[in-house]
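Each chain gets a letter, A, B and so on, in the order the sequences are listed, and its residues count up from 1.
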There are 2 protein chains.
Amino acid sequence: MATVSRVVNHNHNVKPATEQKVMEVVKRLNYRPNDVARGLASKKTTTVGVIIPNVTNSYFAALARGIDDIAEMYQYNIILTNSDGDEQKEVKALNTLYSKQVDGIIFMGHELCPAVRVELEAERIPVVLAGSVDPDNEFPNVNIDYQAAVHNQVNNLLASGNQRIAFVAGELNRSINRDFRIPGYQAALSAQQQPVATELLFEAGNYDEGYALCDDLVKNRVTAAMVSNDEAAAGIMNGMNDRGITVPGQFEVATSDNTKLTEMTRPTLSTITQPLYDVGAVAMRLLTKLMDNQVVEQKQVLLPFGLKQRGSTKAS
Amino acid sequence: MATVSRVVNHNHNVKPATEQKVMEVVKRLNYRPNDVARGLASKKTTTVGVIIPNVTNSYFAALARGIDDIAEMYQYNIILTNSDGDEQKEVKALNTLYSKQVDGIIFMGHELCPAVRVELEAERIPVVLAGSVDPDNEFPNVNIDYQAAVHNQVNNLLASGNQRIAFVAGELNRSINRDFRIPGYQAALSAQQQPVATELLFEAGNYDEGYALCDDLVKNRVTAAMVSNDEAAAGIMNGMNDRGITVPGQFEVATSDNTKLTEMTRPTLSTITQPLYDVGAVAMRLLTKLMDNQVVEQKQVLLPFGLKQRGSTKAS
DNA sequence: TTGAAAGCGCTAACAT
DNA sequence: ATGTTAGCGCTTTCAA
């Protein structure tokens with residue numbers, strides 16, 4: 001019994017001869033260890049919970065792929081739950097994951113709302129936020145420097161002479177926007193002595209909303225937009241072109257995620273480049289260390305970003 | 001002990017008064033049942049394994065969302081594993097899932113290769129294929145009638161006068177192509193007395209491959225393409241336009257999945273419409289019945305499809 | 001309607 | 001290096 005356990009778990013205190021014998025029987029009987037029993041006895045499930053707003057969102061899907069690949073590499077499985085960024089669903093999902101005794105959690109969300117924070121703090125199981133900011137920087141997380149990225153990209157829009165640049169995000173009041181992107185956007189404007197008007201802040205979180213937003217943009221005499229979501233950016237670009245306002249000639253669009261979509265639209269979309277897969281991968285790698293009780297010096301990691309000027313802006 | 005178990009599991013043989021008492025203590029002690037112990041004792045984990053080629057593929061991501069929503073509805077959790085459609089990874093993933101004692105499996109793959117089939121048959125745990133064909137129709141599965149869908153869409157390409165219509169898929173030799181789509185394509189050609197030449201069969205499974213394929217297409221004097229993957233279709237369309245061959249004027253493109261991408265490209269892509277979310281949802285619903293030992297009359301389900309003519313074809 | 005007891009299939013401490 | 005034993009935290013008979 002115990003010896004079989006040792007062999008199966010690659011414990012070293014087994015005589016090679018008996019190991020062979022056990023292996024032979026394991027094969028012959030087609031024995032497969034029961035992970036549930038293992039989990040109960042060892043208090044480790046080699047399973048991590050992943051909360052994602054929506055798998056069909058290509059930004060998060062890219063992170064999820066990075067997460068799963070590294071999880072697999074470290075022999076963990078992933079329990080994936082879509083939350084739609086909804087507080088209720090997030091809390092419910094967390095409770096389910098706790099019941100399932102997951103060894104750790106990767107949380108992705110637009111926002112870290114108080115109820116979720118409480119839930120996360122209540123258990124002492126490791127959590128890492130992936131592509132999701134924690135304004136208090138309390139939890140380990142991996143992101144890029146959204147503020148600097150937006151700042152730089154807006155600089156490009158400024159450089160080509162735009163006087164009224166809009167900032168567009170799914171929900172302006174989310175921490176990632178309120179505390180990082182918008183300050184980056186405003187800092188860029190201020191540095192050029194441009195007024196910072198809230199009337200230039202708009203909401204659009206997907207293609208259709210972006211497309212529909214064009215009327216508002218035109219009404220406000222906006223000539224360029226810094227968008228925080230690739231699909232919304234595509235919607236704005238197509239919407240403008242369909243209204244006879246050509247991009248980038250009469251209107252410039254810059255976006256944030258560098259998903260494959262930015263290469264598939266016409267014109268192609270200028271964007272901030274983020275290592276999406278790596279954000280997920282690094283988050284998972286960090287979580288493995290935490291689950292392994294290793295000491296981690298840097299629990300807040302910022303991955304490098306870049307800017308890619310393509311067809312939707314005039315900048316070269 | 002046993003009474004608490006009854007209360008937690010909503011067993012009816014409990015006096016309301018004691019139920020209240022138990023509930024009160026549960027709350028006070030912040031008691032949360034351990035699903036692992038539950039799983040060991042009851043031999044049910046309320047977890048299903050989901051094998052997906054790649055979450056970042058929007059076709060499969062859409063199915064995954066449908067799967068997760070229904071799973072959640074029936075109180076199941078999902079263990080998600082990316083396989084890249086690789087036989088080795090699929091087999092490995094299945095074994096891991098079996099060890100984890102999942103109650104059922106949803107399999108998505110480009111192909112149901114022999115090794116996987118063997119693995120699936122070896123265990124008697126329920127499996128449902130989602131958006132993935134089983135040429136032998138041995139396993140429960142939910143799909144659309146790919147053959148008819150392609151046949152109809154090719155008819156439209158024929159109607160606008162094309163004499164050399166290409167068929168493009170990720171891998172021509174996959175069952176879904178070999179046994180369903182290509183026969184549909186060929187039947188449409190044959191019905192119009194058009195020769196069925198293998199030189200009109202091409203491979204491209206993503207945007208870049210589609211884009212690169214254009215040279216071959218031009219070389220072969222192709223004037224229209226029936227593509228089995230939206231991203232590849234976008235690549236072909238952009239590739240043609242970039243080469244000065246305008247779509248749909250000089251080249252028509254029709255695709256298969258109706259992912260959101262088909263509305264985001266310019267021109268927009270004409271496509272077969274499939275209820276992607278529903279394919280996943282119905283598959284999961286079917287699996288719940290199977291896991292519940294309910295008798296299911298129809299284990300092979302074909303969901304309705306449609307055709308949507310947009311900007312990449314001349315047909316109205 | 002409730003309690004007592006066995007046991008799910010392992011791991012881990014302990015003994016040998 | 002191997003065997004023995006005691007749980008892990010529940011569900012599920014079986015009695016009462």
Take atom NZ of A:Lys43 and atom P of C:dT11, then tell me their distance rounded to the nearest Å. 14 Å
B:Asn177 (side chain) donor-acceptor with B:Ala169 (main chain) under 3.5 angstrom: no
A:Lys89 and B:Glu72 ion-paired at < 4.0 Å: no
Could you tell me if A:Asn11 and A:Asn9 have a donor-acceptor pair between their side chains, going purely by distance under 3.5 Å? no
Any sub-3.5 Å donor-acceptor pair from A:Asp68's side-chain atoms to B:Asn82's backbone N or O? yes
Taking only heavy atoms on the protein side, list every residue of residues 26-36 of chain B lying under 4.0 Å from any atom of DNA chain C, sorted numerically. none
Do any side-chain atoms of residues 14-29 of chain B form donor-acceptor pairs under 3.5 angstrom with protein atoms, and if so which ones, sequence neighbours left out?
residue: B:Thr18; atom: OG1; partner: B:Lys15; partner atom: O; Å: 2.7
residue: B:Glu24; atom: OE2; partner: B:Arg28; partner atom: NE; Å: 3.3

With respect to the phosphate group of C:dC8, does any side-chain polar atom (N or O) of B:Lys44 fall under 4.0 Å of OP1 or OP2? no
Determine: side-chain N/O of A:Thr18 to OP1/OP2 of D:dA1, distance under 4.0 Å, yes or no. no
In a table with atom names and distances, give each donor-acceptor pair under 3.5 Å that connects a side chain of residues 107-131 of chain A to protein atoms at least two apart or in another chain.
residue: A:His110; atom: ND1; partner: A:Arg174; partner atom: NH1; Å: 3.4
residue: A:Glu111; atom: OE1; partner: A:Ser175; partner atom: N; Å: 3.0
residue: A:Glu111; atom: OE2; partner: A:Ser175; partner atom: N; Å: 3.1
residue: A:Arg117; atom: NH1; partner: A:Asp134; partner atom: OD1; Å: 3.4
residue: A:Arg117; atom: NH1; partner: A:Glu138; partner atom: OE1; Å: 2.7
residue: A:Arg117; atom: NH2; partner: A:Asp134; partner atom: OD1; Å: 2.8
residue: A:Glu123; atom: OE2; partner: B:Arg32; partner atom: NH1; Å: 2.8

Per B:Asn13 side chain, nearest of listed nucleotides D:dT2, C:dT11, C:dT1: C:dT1
Can you give each donor-acceptor pair under 3.5 Å made by side-chain atoms of residues 284-292 of chain B, sequence neighbours left out, with the distance rounded to 0.1 Å?
residue: B:Arg285; atom: NE; partner: B:Tyr74; partner atom: OH; Å: 2.8
residue: B:Arg285; atom: NH1; partner: B:Thr288; partner atom: OG1; Å: 2.6
residue: B:Arg285; atom: NH2; partner: B:Tyr74; partner atom: OH; Å: 3.4
residue: B:Thr288; atom: OG1; partner: B:Arg285; partner atom: O; Å: 2.5

Report for the helix from C:dT1-D:dA16 to C:dT16-D:dA1: angle between first-end and last-end helix axes, five pairs each, rounded to 10 degrees. 30°
Send over the distance from A:Asn9 CG to C:dC10 C1', rounded to a whole Å. 9 Å
Provide, to the nearest angstrom, the distance between the CG atom belonging to B:Leu40 and the P atom belonging to D:dG9. 12 Å
What integer distance in Å separates A:Asn11:CG from C:dT11:C1'? 11 Å
Is the shortest side-chain heavy-atom distance between A:Thr81 and B:Asn77 below 4.5 Å? yes
So does B:Arg65 pair up with A:Asp84, basic N to acidic O under 4.0 Å? yes
Closer than 4.0 Å, any side-chain N/O of B:Ser5 to the OP1 or OP2 of D:dT11? yes
Closest-nucleotide 5' rank along DNA chain C - winner of B:His12 and A:Val8: B:His12
Should B:Ile79 and B:Val50 be marked as a side-chain contact (heavy atoms from CB on, under 4.5 Å) after you check the CA-CA gap, both sets of side-chain angles, and the distance that decides it? CA-CA 6 Å; B:Ile79 293 185; B:Val50 176; over 6 Å; no
For nucleotides 3-7 of chain C, print each protein N/O atom paired with a nucleotide N/O atom at under 3.5 Å, atom names and distance only.
residue: C:dG3; atom: OP2; partner: B:Thr3; partner atom: OG1; Å: 3.1
residue: C:dG3; atom: O6; partner: B:Arg6; partner atom: NH2; Å: 2.6

Single hit among B:Thr46, B:Thr45, B:Asn34 for side chain to side chain donor-acceptor pair (under 3.5 Å) with A:Lys100: B:Thr46
Does B:Ala17 or B:Ser42 map to a spot on DNA chain C nearer the 5' end, using the closest nucleotide for each? B:Ala17
Distance, rounded to the nearest Å, where B:Gln20 contributes CD and C:dT1 contributes P: 15 Å
Roughly how many Å is it from NZ in B:Lys21 to C1' in C:dT2, rounded to a whole number? 11 Å
Pair B:Asp230, B:Thr259: side-chain N/O donor-acceptor within cut-off below 3.5 Å: yes
